[in-house]
Engineer: 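The structure is given below, and queries will be raised subsequently.
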Amino acid sequence: MSEQAKIEKIFNDELIPAHIRERMEELRRKGKIVPDERLIKRPSHIEGIRRAGAVNTGVLDAVAAQIHEGMSTQEIDDIVTAYTHEHNGICAPYHFEGYPKSVCTSINEEVCHGIPAKHRKLHNGDIVNVDCTTIVDGYYADASRMFMIGTVTPQRKRLVEETMKCLEIGIAAAQPWACIGDIGYAIAQYAKKQGYSVVRDLGGHGVGIGFHEDPFVAHVGKKGTGMVLVPGMVITIEPMINIGTANVEIDPYNGWTIYTRDGKDSAQWEHTILITETGNEILTY
Ligand code: MF3
Ligand code: CO
Ligand code: CO
């Protein structure tokens with residue numbers, strides 16, 4: 001049986017628990033946006049995504065151990081590819097919708113989707129986001145971290161640290177039976193208090209059986225709005241936080257890399273999380 005067929009079969013074999021199904025029905029009657037049952041992962045799916053998460057974390061740890069001033073972002077791509085393949089994984093970005101590399105490496109004013117290249121070196125003072133997505137046995141896990149190269153300015157260090165805090169605050173808001181809008185609200189409130197702006201054009205997403213599934217997880221929002229978070233959902237939270245304007249633009253030459261419109265710095269951290277009946281679990285630690 002193919003990996004996809006196995007994943008598919010689990011939807012029939014492992015049913016959503018009755019008390020969860022009933023609560024979903026009740027909320028639907030009240031007019032709430034309730035996820036399609038296909039967005040509720042079953043125990044075997046969750047085990048698969050957990051395994052993908054473990055490899056993805058290993059990839060990021062390998063990058064963390066080897067990243068250094070003067071190396072090229074292509075060398076990061078090489079580390080990611082080698083580690084992933086040694087652990088029977090596949091780099092999801094590779095040839096995804098024509099993306100040419102296996103990882104995204106976004107430096108300073110690059111918001112996301114920076115493309116690794118031999119000529120692109122890491123300099124003292126740079127901040128770089130490394131975003132990895134790993135497929136294991138057909139399951140996906142997606143996470144990214146920031147790295148500070150050499151001595152960075154206090155301004156950059158604060159951006160990196162407060163962006164991590166934004167992710168933590170977003171995760172804390174991702175409670176069972178809360179909704180997507182609660183996550184964005186919590187993140188944007190905190191970012192604003194720190195004097196930062198939040199990128200609106202890109203966001204987190206459902207993940208696990210595909211790379212980008214529903215729902216879209218905005219990092220701004222209104223409390224009590226958007227899709228209800230049901231135990232069994234797996235989503236990413238991946239705030240992109242800017243020092244200046246929230247506005248971004250896409251690289252006209254490569255069609256991928258997103259930059260801040262004002263050229264000021266941006267940072268991002270990402271985790272894949274599982275909504276549980278009692279809270280949530282980070283699957284990319
Ligand atoms: N990993 C990114 C995310 O967090 C997506 C990268 S798409 C790619 O959703 F094609 F650039 F890899
Ligand atoms: Co990612
Ligand atoms: Co993602």
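What's counted below: heavy atoms across the whole structure, side chains too, no hydrogens, waters or symmetry copies. The first residue of the sequence shown is numbered 1, and numbering continues consecutively from there. Every number for a ligand or one of its atoms is a count from 1 in the order of the listing. Note that the structure is a prediction, hence the values are computed from the model and not measured.
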Engineer: N/O/S of E238 less than 2.8 Å from the Co ion (ligand 2)?
Structural biologist: no
Engineer: In this structure, does ligand 1 have an atom that sits under 4.0 Å from one of the heavy atoms of K101?
Structural biologist: no
Engineer: Does ligand 1 have a heavy atom under 4.0 Å from the side chain of S144, from its backbone, from both, or from neither?
Structural biologist: neither
Engineer: Establish, yes or no, whether a centroid distance under 6.0 Å links the rings of Y99 and Y94.
Structural biologist: no
Engineer: How far is atom 12 (F) of ligand 1 from the closest protein heavy atom, and which atom is that?
Structural biologist: P93 CB, 3.0 Å
Engineer: Identify whether the distance between the nearest side-chain nitrogen and carboxylate oxygen of E8 and R38 falls below 4.0 Å.
Structural biologist: yes
Engineer: Passes side chain to side chain contact (heavy atoms under 4.5 Å, CB included), Y139 versus I7? Steps please.
Structural biologist: CA-CA 9 Å; Y139 291 105; I7 289 168; 3.3 Å; yes
Engineer: Just need the protein heavy atom nearest to atom 4 (O) of ligand 1, so name the residue and atom and give the distance.
Structural biologist: E238 OE1, 2.8 Å
Engineer: State the NE2-NE2 distance between H212 and H205, to the nearest 0.5 angstrom.
Structural biologist: 3.5 Å
Engineer: Name of the D142 N, O or S atom nearest the Co ion (ligand 3)?
Structural biologist: OD2
Engineer: Can you list the atoms of ligand 1 that are under 4.0 Å from a heavy atom of E270?
Structural biologist: 4 (O)
Engineer: In terms of atom number and element, which parts of ligand 1 are under 4.0 angstrom from non-hydrogen atoms of T133?
Structural biologist: 1 (N)
Engineer: At under 4.0 Å between heavy atoms, is it the side chain or the backbone of H212 that contacts ligand 1, or both, or neither?
Structural biologist: side chain
Engineer: Is the shortest heavy-atom distance from the side chain of D126 to the side chain of V152 under 4.5 Å?
Structural biologist: no
Engineer: Taking the six-membered ring of W269 as reference, does the NZ or CZ atom of R145 fall below 6.0 Å from its centre and within a 45° cone about the axis?
Structural biologist: no
Engineer: Apply side chain to side chain contact (heavy atoms under 4.5 Å, CB included) to residues I67 and L122 and explain how you reach the verdict.
Structural biologist: CA-CA 9 Å; I67 198 164; L122 299 179; 3.6 Å; yes
Engineer: Please list, in number order, the atoms of ligand 1 under 4.0 Å from a heavy atom of H113.
Structural biologist: 5 (C), 6 (C), 11 (F)
Engineer: Which atoms of ligand 1 sit under 4.0 Å from any heavy atom of W256?
Structural biologist: 8 (C), 10 (F), 11 (F)
Engineer: Considering only N, O or S atoms, which atom of D131 is nearest to the Co ion (ligand 2)?
Structural biologist: OD1
Engineer: Kindly state whether the ring of Y83 and the ring of H87 have centres lying under 6.0 angstrom apart.
Structural biologist: yes
Engineer: Can an N, O or S atom be found in E270 less than 2.8 Å away from the Co ion (ligand 3)?
Structural biologist: yes
Engineer: Is a salt bridge present between E3 and K6, judged by a nitrogen-to-oxygen distance below 4.0 Å?
Structural biologist: no
Engineer: Between E161 and R158 (side chain of the first, backbone of the second, donor and acceptor by atom type, cut-off under 3.5 Å), is there such a pair?
Structural biologist: no
Engineer: For atom 2 (C) of ligand 1, what is the nearest protein heavy atom, given as residue, atom name and distance?
Structural biologist: D131 OD2, 3.3 Å
Engineer: Mark the output for T236 as yes if a heavy-atom distance to ligand 1 is under 4.0 Å, and as no if none is.
Structural biologist: no
Engineer: Parallel, tilted or perpendicular for H113 and W256, by the 30°/60° rule?
Structural biologist: perpendicular
Engineer: Suppose we measure from atom 3 (C) of ligand 1 to each protein heavy atom; which comes out shortest, and what is that distance?
Structural biologist: D142 OD2, 3.3 Å
Engineer: Would you say H205 reaches the Co ion (ligand 3) with an N/O/S atom under 2.8 Å?
Structural biologist: yes
